[in-house]
Amino acid sequence: MVSLLATAAEHGTETAASGGGAMELAWVIPVIAMVSAALIWAIGKRLPMRGAEIGVAAMIAVFIGGLLVFFDAIAHINADAEWHGFEKAVTWMNFGPGSTVELGYMVDGLAAVMMVIVGFVALMVHIYAASYMKGEVRVTHFFATLSLFTGSMLTVVLANNLLMMLVGWEGMGLSSYLLIGHWWEKHENSSAAIKAFLTTRVGDIGFMFGIFVLFWAAGSFNVAHINELAADGGIARGTLTVAALLLFCGAVGKSAQFPLHTWLPDAMAGPTPVSALIHAATMVVAGVYLVARMFPVFDNAFDVALDVVAVIGSITTVIAALLALVQQDLKRVLAYSTISQLAYMIAGLGVGAYTASVFHIWTHAWFKALLFLAAGSVIHAVHSNNMTDMGGLFRKMPITSITYIVGGLALAAFPPFAGFWSKDELVVGAYEAATAGSRAGTLTLVAMLLTAFLTACYVARMLALTFFGKPRYDPEHVHPHESPKLMTYPLIALAALAVAGGWVGIPGEMNQFGRWVHYGDEHAAFNPMIAILSTGLALAGFAAGWAIFRMGKVKIDVRKTALAPFYRLLLNRYYLDDIYFKGIVRPVRDRLSAAAYWINQKVLDGAVNAAGMVAVASGRFAYRDVDQGLIDGLVNNLARLTGRTGDKLKFWQTGNMQRYAAAMFLGVATLVGAFVFFRI
Amino acid sequence: MNLVDEWGITLAVFLPLLGALAIALTPKGTEGIQKLLALGSTGAALVIGLMVAFAFEHGEPGLQFEKNLQWIPSIDANYHVGIDGISLPLIVLSLLVTFLCIVYAYRHIPEPGNTKAFLALILLLETGMNGSFIALDLILFFVFWELVLVPMYFLIGIWGGENRQYAAIKFFLYTLFGSVFMLLGFLALYFQSDPHTFDMVRLQGAGVLNLPIGLANLIFAGLALGFAVKVPMWPFHTWLPDAHTQAPTIGSVLLAAVMLKMGTYGFMRIAIPILPEPAQVFAPLIAILAAIAIVYGALCCLAQTNLKRMIAFSSVGHMGFVMLGIATLTPEGFNAAVFGMVAHGVVTGMLFFLAGSIKERYHSYEMPELAGMGLKIPRMAGLLAFCAIASLGLPGLAGFWGEVMALLSSYRPLEGLNLTVFRSAMVVGGIGTVLTAGYFLWMLQRVNMGKASEASLKHRYADVERLEYAAWVPLLALILVLGLYPRLIMDTTTSSVTRLTETVAGERAEVAQAAER
């Protein structure tokens, strides 16, 4: 440990001209979350709130720390528009000549913004959960894991190198596994947890290989170093393309993009505060963050890299929005909306709308955390996730309803709510790419506009079914009422941000966000035509949804129209889950494994056993037939022969000396005769 | 300190043997004294091992604590011992794990009892294992190598499970079969060297061995076969599931944690440095077999319903990662291998401990009968989850670095090796990591989670006991420490593996000079 500290002093490098104040200590922030997790595990059970108090206290520290880092970073950006960030590292290990892994952190505009998002959402979720999880099983374990989750995300955000990022990345995988499966007495829940872990791990292989490609090309895992080399042409474009596509696999898994998005809706099996954390500030956002973090790699690769990103984003955003339209489970609507919105960001990155995408992470975090927490409040009240058991809740729980509606409007991207500003910027980005002649850009533009319509439509449906109309819950047993303050205060705080959070990015002179986070000298342009078009589409979508599901204007049974097959397709989630489960999981887990084991037992081990048996048999043969039979038999026969010969010769053995002498004489005479005769 | 410098590693090897003799001399019915003797001798050996580790100059590539005494002059076999950065972590691992096994044995002498013989055999086994990691003379190495077989044969055959006889004989004969070829290889090296020598260091010197490449390949194949059985590499692994499953808990722990490493260590210490050219010829084949082992081992794990047998099969895959690292013939790959060996020793050793303690409570290894363990004995279940997650290679825990570095290095193996083969192996290995995660998570789902099984509802089980904690905490701590502070091993190994791979890469002259010095 001493040597570690010593190298800490040596290796401290600053890319900033002047060192940071708060930034110097940015590394403390994830450590606080990790220590909180360890503390809760160690002593949480003995505390009155079973560890929740440690978690909340730690998150307050994390949030304040994040804010300090954020303001420090902004001060640097304000002083120098070209400021690249602050970095500090020690050697984690040398694992070969010149092969080093660092343990370090880097703060720039992007990381600073993320610190605020993670810190605030995590704090809100912790406070909310302290009330929501009261009396649940394994509360201590829950809060410890929640802290670990936050700490892992902060590690990803601050990591100055890809391997450390992978550590945080997988740490989130573990935490999400533990949290999704929190109620593991039920088999579906633990299955959902496994599904989340394994599906994201499929993408993580790609991420890992992408790291390998970049490491051997750049000689380092360092993010800034790799990005610089990529920008300067120090790495061949082909290599960058391979690396970018591989890294993107990781993002596809973690950010639940097609075709690896299937785990996210199932992840709703976890307690609702977890969903809020996963969907708003951690885990799924990490994929988008990765692409943004390594953007120079994508940007300097061949066009195909970013085109793939744009196409995957475009496909995902539409198919997920369609799925959100047909869900009965309130949380699943939100889950598909997350997939769709993340895809918006991914597609935005694909068309080069860098600032807009990160801006959408920012606004989405507020309204999505709000929606999930408010949904949790609703679910708490009616004891069901199903919208068929809801309805008419507006008067029963006004704070929840109003904040939820605010979140919904922000999601549907109506001005002046937060979602509008970021979404509009994304669409403008796609429009510019399309007009510049990019086919992927055109596709993205179409997908984004279509999704704008669909999003508003499912938001209207969700609001109508949940809060308006006649109550569909059983009034005998369910008495909905407003949630306690520990739960509603976070809703109010988040609702405020869902309204005003986007104002930091209003295009024009006022645009702060574009100065904090930008790639090159990109600037967000405001296009009134686009704004009108996308808002118009959203209005139309909302009106359609409202007309069908609130006012009952359109009464058609989709199942009886020409759309029926399509509707079935949606209900079955494009059959992707079936294809994966029946086509991959079950064959591998049940059949291929059985086949491998059969080969092991019958063929490989069979051969060994056969060799053993042959050895034993040949041993037996050697013993019984050769040794005992032949050789020993020979010996025995020889003995017998000797005996018989002896019998025969007995006649001669008389003890009579004269007879012996006679015989000897006879013998000698014979020999001499033979010698003489044959002249030997 | 001088004693440690001169005789430290020798003491670490032979103190357990002394302990075994002392135990053998105790009268029957003095179990307390026998246990104390075992604890004392392994403990003393561990302390000395740790003193060696502290006195060791980390970062120095060459051999340290070297000792070379005449032993059998007629064939020039010597008591030549010494350690470098590759052997040190392994010998410390062996010392630690054996000591913890003795601690665990304090209350867990398996059926049919006979503490005296049981402990004496474990100590004898330890001498064999430790000796293999310090021997620098082929004959000496061979003696230690074979010394390991006998006690393990009896441990499985007497204290094992239902099918112990079969497993014990299979283990013994299979390993013996491999070591015959290894011995032939040693003899060939002896007769082909000029002057004739069994000394590993001298055999690496320039001009000592002048072999036609065909013969060199043949010798390498012989050595490799002997080591491969021990590792075990696919397809020579079939003795392992039986031996592991049938062995008593402590036997399984020692087998997995230490004995398997003798095979991989043999590759790194003997086969590759002495025969670097054939190593390059065989490297792609080894990589292919390693990749097969990773996926195949994981698939076989998926097919298991027996917890212990699943853990046993998991070793096949994990050792596959180690062999893949070795096959790259790069410093990164060798580091991955050493790290992977230690991590596997700690993690899988721990898993076998857990399996044993679970069996003691549930009287079964069958997963359906263990279901809902998280409700019955939550701490035990928590430890099982922790070790399973470490074993599936989660970053931040011990299992990660060995795996990721092995894959990283197979993206760029030693120059001249077939890139297609190695990168394919990397991809296959990557798929293997998903399968590995799969079987561990499904195991946890079947064992820890869900409702408590019918069979277990009728009983109350004690959660983890103090003595179990005493034996396990060091391993559990190491799982975390190795994950977060990999320098603990890398600082020791990196210079040595770099030197070693330089040899392979052709800079043999430098090694020759080192030998003269």
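So you know, we letter chains A, B, ... as the sequences are listed, proteins then strands, and number each from 1. Everything numeric in this text was worked out from a predicted model, so none of it was measured.
- Using a 4.5 Å cut-off between heavy atoms, Arg423(B) does not touch chain A at all.
- Taken to the nearest 0.5 Å, the CE atom of Met93(A) stands 12.0 Å off from the CG atom of Leu488(B).
- Proximity of a side-chain donor or acceptor of Trp442(B) to a complementary backbone N or O of Arg589(A) within less than 3.5 Å is not detected.
- Atom CD1 of Ile389(B) is separated from atom CG of Leu178(A) by 5.5 Å, given to the nearest 0.5 angstrom.
- Residue Ile211(A): no heavy atom, backbone or side chain, is found under 4.5 Å from chain B.
- Looking at Val404(B), the atoms closer than 4.5 Å to chain A (heavy atoms on both sides) sit in the backbone and in the side chain alike.
- For a residue to count as touching a neighbouring chain, one of its non-hydrogen atoms must lie under 4.5 Å from one of that chain's; by this rule Thr238(B) touches chain A with backbone and side chain alike.
- Side chain of Arg487(B) to main chain of Thr91(A): a donor-acceptor pair is present (N/O by atom type, distance under 3.5 Å, no hydrogens or angles).
- Judged by distance alone, with hydrogens and angles left aside, the side-chain atoms of Arg201(A) form no donor-acceptor pair with the main-chain N or O of Ala437(B) at under 3.5 Å.
- Looking at Val434(B), both its backbone and its side chain come within 4.5 Å of chain A, counting heavy atoms on both sides.
- In this structure, the portion of Leu444(B) lying under 4.5 Å from any heavy atom of chain A is its side chain and not its backbone.
- Asn94(A) CG to Glu332(B) CD: the interatomic distance, rounded to the nearest 0.5 Å, is 10.5 Å.
- In this structure a side-chain-to-backbone donor-acceptor pair under 3.5 Å is present from Trp216(A) to Leu408(B).
- Considering only heavy-atom pairs separated by less than 4.5 Å from chain A, the leading option among Thr501(B), Leu375(B), Leu173(B) is Leu375(B).
- With contacts defined as side-chain heavy-atom distances shorter than 4.5 Å, the pair Asp605(A)/Trp239(B) does not qualify.
- The shortest distance between side-chain heavy atoms of Pro331(B) and Pro97(A) falls below 4.5 Å.
- Counting heavy-atom pairs closer than 4.5 Å to chain B, the top residue among Met208(A), Glu170(A), Gln601(A) is Glu170(A).
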Legend entry - Stepwise side chain to side chain contact (heavy atoms under 4.5 Å, CB included) check, Tyr597(A) with Gln304(B): CA-CA 9 Å; Tyr597(A) 191 53; Gln304(B) 302 306 319; 2.9 Å; yes

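- Ranked by heavy-atom pairs under 4.5 Å with chain A, the list Pro395(B), Ser409(B), Gly396(B) is led by Pro395(B).
- Distance check, rounded to the nearest 0.5 Å: NZ of Lys451(B) to NZ of Lys186(A) gives 8.5 Å.
- Taking the six-membered ring for Trp and the full ring otherwise, Phe95(A) and Phe339(B) have centroids separated by 6.0 Å or more.
- Contact annotation for Leu480(B): neither backbone nor side-chain heavy atoms come within less than 4.5 Å of a heavy atom of chain A.
- Interface residue Met405(B): only side-chain heavy atoms are found under 4.5 Å from chain A.
- To the nearest 0.5 angstrom, Trp92(A) atom CH2 is 12.5 Å from Tyr485(B) atom OH.
- The structure places CH2 of Trp234(B) at 6.0 Å from CG of Leu604(A), a figure rounded to the nearest 0.5 Å.
- Within the 4.5 Å cutoff, the side chain of Gln445(B) has no heavy atoms near those of the Asn189(A) side chain.
- With a 4.5 angstrom heavy-atom cutoff, Phe313(B) touches chain A only via side-chain atoms.
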Inset, instruction - With side chain to side chain contact (heavy atoms under 4.5 Å, CB included) as the test, would you mind laying out the steps for Val101(A) and Met490(B) before giving the verdict? - result: CA-CA 11 Å; Val101(A) 186; Met490(B) 296 284 186; over 6 Å; no

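- Looking at Ile169(B), there are no atoms closer than 4.5 Å to chain A (heavy atoms on both sides), in backbone or side chain.
- Residue Phe177(B): no heavy atom, backbone or side chain, is found under 4.5 Å from chain A.
- Between Phe400(B) and Val167(A), some side-chain heavy-atom pair lies under the 4.5 Å cut-off.
- Considering only heavy-atom pairs separated by less than 4.5 Å from chain A, the leading option among Val497(B), Val427(B), Asp242(B), Leu435(B) is Val427(B).
- For Leu299(B) against Ser593(A), the heavy-atom pair with the smallest separation is O-CB, 3.0 Å.
- Of the atoms belonging to Asn448(B), it is backbone heavy atoms, and not side-chain ones, that fall under 4.5 Å from chain A.
- With a 4.5 Å cut-off on non-hydrogen atoms, Thr433(B) touches chain A through its backbone and its side chain both.
- Contacts with chain B were tallied for Asn600(A), Val608(A), Leu198(A), Asn609(A); Asn600(A) has the most, counting heavy-atom pairs under 4.5 Å.
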